[in-house]
Trainee: 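Once you've had a glance at the structure underneath, I'll fire off some questions.
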Protein chains: 2
Amino acid sequence: MSDPAPSPARPRRSRPVQVADQIKDWVVERDLKQGAKLPNEAEMIALFRVSKGTVREAMRILEAQGLIVTRTGPGGGSFVGEVSLERAKSLLANYFYFQDLSVSDVYQMRKVVEPELAASLAGKLSPAQIKELRLLVQEYPAPAQSPEEERDQHIASLRFHAKLAEYSANPLLTFMVSFMARILTDLTVYRRLYEPHNVELWARGRRHQLDLVDALEAGEAERASAIMRSHMEGAERLMQAQEARVMRRFMAV
Amino acid sequence: MSDPAPSPARPRRSRPVQVADQIKDWVVERDLKQGAKLPNEAEMIALFRVSKGTVREAMRILEAQGLIVTRTGPGGGSFVGEVSLERAKSLLANYFYFQDLSVSDVYQMRKVVEPELAASLAGKLSPAQIKELRLLVQEYPAPAQSPEEERDQHIASLRFHAKLAEYSANPLLTFMVSFMARILTDLTVYRRLYEPHNVELWARGRRHQLDLVDALEAGEAERASAIMRSHMEGAERLMQAQEARVMRRFMAV
DNA sequence: GGCCTGTATTTATCATGAGGAATGTAGCCG
DNA sequence: CGGCTACATTCCTCATGATAAATACAGGCC
C-alpha cells in the first residue's frame, strides 16, 4: 500500500496555472511596480521551458485577475498592471452572483459603513471636493416625473456616495462603499417602479445629502455620521417600498 | 450586437476575452446553476468559429475568475462552478496588494462591522454553533509564552471571528468579516514580536470572547455589540503595540 | 525645417494538427 | 463476484507558421 497516489487534496495544477504562479512570484520577489515590463513571449518560453500556447494561457489567467496588461508592437509585451478598482468590483460581484444577496443585506452593511465614512471625512475635504459633491447633489433638483427619471435619480445619488468613497484615505472603506454603490446601481431591479408617496422620501434624501455636505465642510463628524445614518434608513425604506431586488447576473469584466 | 467600429475609448478586446464574455452570457441566459455542463472544446470551436487555442484561453480566463472548472476524461469537460469564498477573498486580496493598507485601516472597518455582525447574531445561533465557538475560544487557554505562540493565538482568535462570520445569514457581512480575518492572518507581520505587558491585553481579549458568546446565547444584541466594539479596540491596541504591518504580497489562487 | 505618409520591424495574436495524460467504462479473467 | 486490463473520451501540452496590431523611422511634400 505505497502512497504514490496524487494527493486528493490537491486537484492537480495545470501547467498554465503553474506558470502563472511562477510569474507572480517572479514579480513579488523583485517588488515590481505598476508598469514594469515582464519578459516577452519568447523569453517566457525559454525561461519556463513550455510552449507558446501554455505561456499564453498563463498570461490570460493573470490578465483576467487584472495583474498584467499586454500590448503588441515594438516596445510592447506584458507589463505589471495594478488591479483597478473597477475590476476588483467586477470580480467580487461574480462571487455574489451565486449568493443571492437581498437589498436588506446590502443596507445592513451600508447603515454601519457609510456613517463611519462620513464621520472620518468630516473636516478633511478640500473646497474643490466639497464643490464637486454639491454639484452631484444638484443633478436631481426636482422630484422625478417618471419611473425612468426616478431610477436615474437613484443612480445619481449612488454616484454621490461613490464619490464620497473616493475621497477616503482608507482603501478598504473606499472599496466597500464603492462596491455597494455598484451593486445597487447595476444589479437592482424594481418591482413597483413608481410609488406616489415617494416624493416625500425623495425630498428628505436630498435634504440629507445637502446637510451632509455642510456637516463635512464644517468638520462636524458626529453630525455627519448621524445624517448619513438617517439617510441610509430612508434609502432602505424607499427601496423596500419599491420592492427592489438584487438581480442575478454576471458582470462584464 | 457586434461593434466593428474601433472605438478609441475601448482598448480593444481580444478574441479570447470576447469568447469568455459570450460564454458568460450563454450561462446567464440559461440561468445555469453550479455543476451544469458547458459545451466541450470541439463544440465551442464550432460554436464560436475560433481556434482551439482561443477557446482554451477563454476557458482559462473564466477559470481564473472561479466561474468554471474543467475535468479531463469521459464525462469530463467544463462546468459552471460557483465562485468560492476562498477564491473571492484571494482575488480581492490582489487588489489590496497595490493599495498599501494599514492596520488601522482594517480596524476602522472592523470596529463598525464586527459589532454589527455580533448584534445580528444574538439569539440566532444554535446550541451546536455556540458550542463550536466556545471550543475555539478554548484553543488558547493560557497566555502565550513565546512570540510564535502569541502569533498562533492571534490566528486562533481570527478563526473565531471567521467562524462567527460564517454563521451570518448576510453574505456581504460574512464576506467582509472573513476577508479581514484573512488579511490579518496572512498579510500581517510583527515588528516587535513580544511585549511583556501584552498579557493584560490578552486576558481582556479572551474574557471578551467568552462574554461575547454568553451574550449571543442569551440573545442580548446590544451587549454583544458593545463587547465586540470593546474587543476590537483592544485588538487594535495590541497590534499597534506590536507595530504590526500589512505586508505586500500576492495571494496564491 | 516641419509635417505627413508609407513601409519595415517588432510584438502579440490566432490557427492547425499531432501526440500525451487523465479518467471513466466495459469486458475479460481468475 | 472481484479485480485487472484495454479502450474510448476529453482535456492538456507541444510545435510551428501565418496574421494582425502597434510603433518607429525614413522619405517625400509643402
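Proteins come first, then strands; the chains are lettered A, B, ... in the order of their sequence lines, and each starts at number 1.
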Trainee: For the side chain of Q18(B) and the backbone of R13(B), is there at least one donor-acceptor N/O pair under 3.5 Å apart?
Mentor: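 Pair found, side chain donor or acceptor close to backbone of R13(B).
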Trainee: Would you check if the side chain of E57(B) reaches a backbone N or O of T54(B) as a donor-acceptor pair within less than 3.5 Å?
Mentor: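 Answer holds: no.
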Trainee: Kindly point out which of dA12(C), dC14(C), dC12(D) is positioned nearest to the side chain of T70(A)?
Mentor: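 The answer is dA12(C), which lies nearest to the side chain.
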Trainee: Between atom NZ in K37(A) and atom P in dT11(C), what is the gap in whole Å?
Mentor: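 My rounded result for the distance is 7 Å.
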Trainee: Check whether any side-chain N or O of D105(B) sits under 3.5 Å from a backbone N or O of S102(B) as a donor-acceptor pair, and report yes or no.
Mentor: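 Checking the backbone N and O of S102(B) against the side chain of D105(B), a donor-acceptor pair under 3.5 Å is found.
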Trainee: Between dC12(D), dC11(D), dC14(C), which nucleotide has the shortest distance from any of its atoms to the side chain of R15(B)?
Mentor: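 For R15(B), the side-chain atoms sit closest to dC14(C).
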Trainee: Give the residues of residues 51-61 of chain A touching DNA chain C, defined as any heavy atom closer than 4.0 Å, sorted by residue number.
Mentor: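 Going residue by residue through residues 51-61 of chain A, the ones with a heavy atom under 4.0 Å of DNA chain C turn out to be K52(A), R56(A), R60(A).
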Trainee: Considering only NZ, NE, NH1 and NH2 on the basic side and carboxylate oxygens on the acidic side, decide whether R182(B) and E86(B) come within less than 4.0 Å.
Mentor: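 Looking at R182(B) and E86(B), the cut-off is met.
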Trainee: Could you state the atom-to-atom distance from CG of N40(A) to C1' of dT13(C) in whole Å?
Mentor: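 Atom-to-atom, N40(A) to dT13(C), this comes out as 14 Å.
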Trainee: Are any side-chain N or O atoms of E43(A) and backbone N or O atoms of N40(A), one a donor and one an acceptor, separated by less than 3.5 Å?
Mentor: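 The answer is yes, because a donor-acceptor pair under 3.5 Å joins these two groups.
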Trainee: Let's see if you get this right: which residues in residues 71-79 of chain A place a heavy atom under 4.0 Å from DNA chain C?
Mentor: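 Contacting residues: R71(A), T72(A), G73(A), P74(A), G77(A).
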Trainee: Which one, dA12(C), dT13(D), dA22(D), comes nearest to the side chain of P16(A)?
Mentor: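 The answer is dT13(D).
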Trainee: Is NZ or CZ of R87(A) both nearer than 6.0 Å to the six-membered ring centre of Y95(B) and within 45° of the ring axis?
Mentor: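 Ring-cation test returns no.
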Trainee: Rounded to the Å, how far apart are F48(B) CZ and dC14(C) P?
Mentor: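 Distance check: F48(B) CZ to dC14(C) P gives 15 Å.
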Trainee: Write down the distance between CE (M44(A)) and P (dT13(C)), rounded to a whole number of angstrom.
Mentor: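 For the pair M44(A) CE and dT13(C) P, the rounded distance is 12 Å.
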Trainee: Tabulate below the donor-acceptor pairs under 3.5 Å that side-chain atoms of residues 171-179 of chain B make, not counting sequence neighbours, or state none.
Mentor:
from	atom 1	to	atom 2	distance (Å)
T174(B)	OG1	A165(B)	O	3.0
T174(B)	OG1	N170(B)	O	3.0
S178(B)	OG	K89(B)	NZ	2.7

Trainee: For the pair R30(A) (side chain) and W26(A) (backbone), establish whether a donor and an acceptor sit closer than 3.5 Å, ignoring hydrogens and angles.
Mentor: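 Flag set: sc R30(A) to bb W26(A) pair under 3.5 Å.
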Trainee: Just how far, in rounded Å, is P of dT11(C) from CZ of R12(B)?
Mentor: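 My rounded result for the distance is 18 Å.
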Trainee: How close or far is atom C1' of dC14(C) from atom CZ of R49(B), stated in whole angstroms?
Mentor: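 Roughly 16 Å, once rounded to whole Å.
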Trainee: Output the rounded distance in Å from CD (E63(A)) to C1' (dA12(C)).
Mentor: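 Interatomic distance, CD of E63(A) to C1' of dA12(C): 11 Å.
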Trainee: Given atom CD1 of I45(B) and atom P of dT16(C), what is their separation to the nearest angstrom?
Mentor: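 About 9 Å, once rounded to whole Å.
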Trainee: If I compare all heavy atoms of L117(A) with all of S168(A), which pair ends up nearest, and what's the gap?
Mentor: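 For L117(A) versus S168(A), the nearest heavy atoms are CD1-CB, 3.5 Å.
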